[in-house]
Each structure stands twice: as C-alpha cells, then as structure tokens.
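Take a look at the structure set out below.
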There are 2 protein chains.
Amino acid sequence: MELDETDKQILRILQEDARTPFSEVARRIDMSSATVHDRVNRMEEAGVIQGYHASVDARSVGYGVSAFVGLRTDQGREEEALAHLAGLPEVKEVHLTTGQWDVMVRVHAEDTDALRELMFDHIADTEGFARSQTMIVLGTDYEADGLPI
Amino acid sequence: MELDETDKQILRILQEDARTPFSEVARRIDMSSATVHDRVNRMEEAGVIQGYHASVDARSVGYGVSAFVGLRTDQGREEEALAHLAGLPEVKEVHLTTGQWDVMVRVHAEDTDALRELMFDHIADTEGFARSQTMIVLGTDYEADGLPI
DNA sequence: GTTGAAAAAATATTGAG
DNA sequence: CTCAATATTTTTTCAAC
C-alpha cells in the first residue's frame, strides 16, 4: 500500500497515542474526522497498522528482570526448537539473525531465580539448541514509542 | 500499586487491543464501565499503564531491515555515548546489559546500505564505543503483544 | 469500591460533490 | 478522496449505596 504524507501524519499520532480521538487527529492534520476514519480503516486492512496495544510496566505485573538470549541451533532442528520457544510464556520475541547467534530471544522473568529456571529447564538444555548466552538487562536507557515516520 | 485479578484482566484486554471500548471490557469482566474507567485511570496515574501505541508495520513505512547491535563502551565515556545513541532516529531501543556486551541496541533502517551508513557513520566509529557486532534480523518468528499477565 | 443513569463527546455510516 | 450531517455508541461525570 502506498502511503502519502497525510497517512504518515496519522500514523505518527496513533503510534504515540493510540487512543487519540479521530476528531482530534482530524483537527491536528486539518481534515475531517470521516477522512481520518476512512484512512485508518484502509491502513488497518492493508496491514500497515497491525494493532493497538497498551504498554504495561513490567515491574508492576511482577516481572523484575528481562534479558536477551543468544542461541545457536543444531542443524536440522530449527523448526522444532523455534516452536518450543514461542510456546513459553516468558518469551516475548524470537528473531532469526545473522552474526554470532542464529536466534535472538527477548525474555521476561519474575526474578533472577525464575530466569535461571527458564534458561536451564526450558531454553538452554532444550533439544535443538547448542550454546547460549544470556545478557541480563540492567536498565533501558531509551525506548522509542514507535518508528520514525 | 497493588493489582488485583480484575485489574489484571483489564490489562490483558487492553494489551491485546488498546482500543477495546470500556463498555466491552466491562461486559467481558462483568462489571460496569464506570468501574473499568476508574481502574484504568488509576493504573494510568500509577504508571502501570504507560501508554497506548499503534503498532505499525516497519516495511510499510520504508524500513526493510532491522538489527541488534552489541557494543562495548570505553571506560568513563558511557553517558556521552548513550546520549548519542538515543538521539539517532533509527535507534529504537538502548539497553545496558551484562554479559558479552555493555550495550544492546535495536535499530531499524531502510535497507542494508542505510544500515551500513548508520553503523559506520553514527555508531561503530563514534567516540565512546569500542568493538561492535551487528546481528541483522532475517525474520521474526514470534512476537507477543505484551507480557503474560 | 461499585453502580446506574444522564450528559457530553466520539465514532460509524451515509449520501453527495 | 473528501466532506457534512446523521445515527449510533462510547466516554465521562456524579449522586447514591
């Protein structure tokens, strides 16, 4: 789908605050709210807008620690191993990457004990993975709300 | 702030779809929408809900490639180097980590040429950083909408 | 902490330029 | 594609339990 500058302005606003009323989006970009509504619908249908999510503070819901886990997969066992990862509730993201690791995983856990259990019982020792490295997040210095559009 | 099961149910719903009308949230958890509204307000004020964001497809807005960049910082130059990173539009997240890297960065770029330029001109060669490794994301196998609550 | 009901505001829809 | 007007739905407020 081809996006013009008006679409991009709408995306910028909804990326920053997904609950901005269409009437206010319309006011800010100087168009009618029916137009905004129509464009948002088309961008939703085209998959440009993939969803609207509340961002929840991890600590408030009991996740005290997060980490990046780099993994190497055994030849020929990738599918199985990846499916296993995606099924773990603590696993937030699973990316295939070039470079040092075949798979980069982002996980959240209650505390370091829970992280240890997750790693030893459910990730590192799992069939299909060789070698892993856990990089615990000490702090997040910067996190953008979305993409620069 | 202490969260009860009702709060968590609300969070689960809004994490998945931040634009779910409070009236429907109320119906699903079998409470009045005024109660939902009140609880959401309190969670927003307490910082449990940090915001609502539209999730935009990176490809649709011209970002064809993303990567994780691991960096090591020079002793005593961390502040400066981190501030520099946060100021780059392509930089989505900056995390301090234990393990192999001091800093883990998530970046988005238009294409591999743009990524190369970003790395050489703005990240790897920047004062304050020693050694870096770029792990290009070949694909994202799994990405959860939010935390398991 | 919760509710139901009223008032205010927003969204969805329609028809036409 | 855009708009204005309308119908529908939601948000917001508030007195009362």
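A note on names: the letters A, B, ... follow the listed sequences, proteins ahead of strands, and every chain is numbered from 1.
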Rounded interatomic separation in angstrom, taking [atom1] from [X] and [atom2] from [N]:
X	N	atom1	atom2	result
Asn41(A)	dT2(D)	CG	C1'	15 Å
Asp4(A)	dC1(D)	CG	C1'	10 Å
Phe22(B)	dA5(C)	CZ	P	21 Å
Met31(A)	dA4(D)	CE	P	12 Å
Asp17(B)	dT10(D)	CG	P	13 Å
Arg19(B)	dT9(D)	CZ	C1'	14 Å
Arg42(A)	dT2(D)	CZ	P	7 Å
Ile29(B)	dT3(C)	CD1	C1'	13 Å

Exercise. For the side chain of Ala34(B), counting heavy atoms from C-beta on, which of dT11(D), dA4(D), dG4(C) is nearest?
Worked result: dG4(C)

For this session: Go through dA10(C), dT12(D), dC3(D) for me and flag the one nearest to the Pro21(A) side chain.
Result: dA10(C)

When you measure from the side-chain N and O atoms of [X] to the phosphate of [N], is any distance below 4.0 Å, counting only OP1 and OP2?
X	N	result
Thr35(B)	dT3(C)	yes
Arg39(A)	dT2(D)	yes
His37(B)	dT11(D)	no

For this session: Check for a donor-acceptor pair, side chain of Thr20(B) on one end and backbone N or O of Val25(B) on the other, with a separation under 3.5 Å.
Result: no

Exercise. What pairs of residues pass the side chain to side chain donor-acceptor pair (under 3.5 Å) test when at least one of them lies in residues 139-149 of chain A, not counting sequence neighbours?
Worked result: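 Applying side chain to side chain donor-acceptor pair (under 3.5 Å) to every pair that reaches into residues 139-149 of chain A, excluding sequence neighbours, yields Thr140(A)-His95(B).
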
Exercise. Does Tyr63(A) share a hydrophobic cluster with Val91(A), counting links as ILVMFWY side-chain heavy atoms below 4.5 Å and allowing steps through other members?
Worked result: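 No, because Tyr63(A) and Val91(A) fall into different hydrophobic clusters, even though each may have its own neighbours under 4.5 Å.
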
Exercise. For Asp4(B), does the CG atom sit with more than 12 other heavy atoms under 6.0 Å from it, leaving out its own atoms?
Worked result: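 More than 12 heavy atoms, drawn from other residues, nucleotides or ligands, come within 6.0 Å of this atom.
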
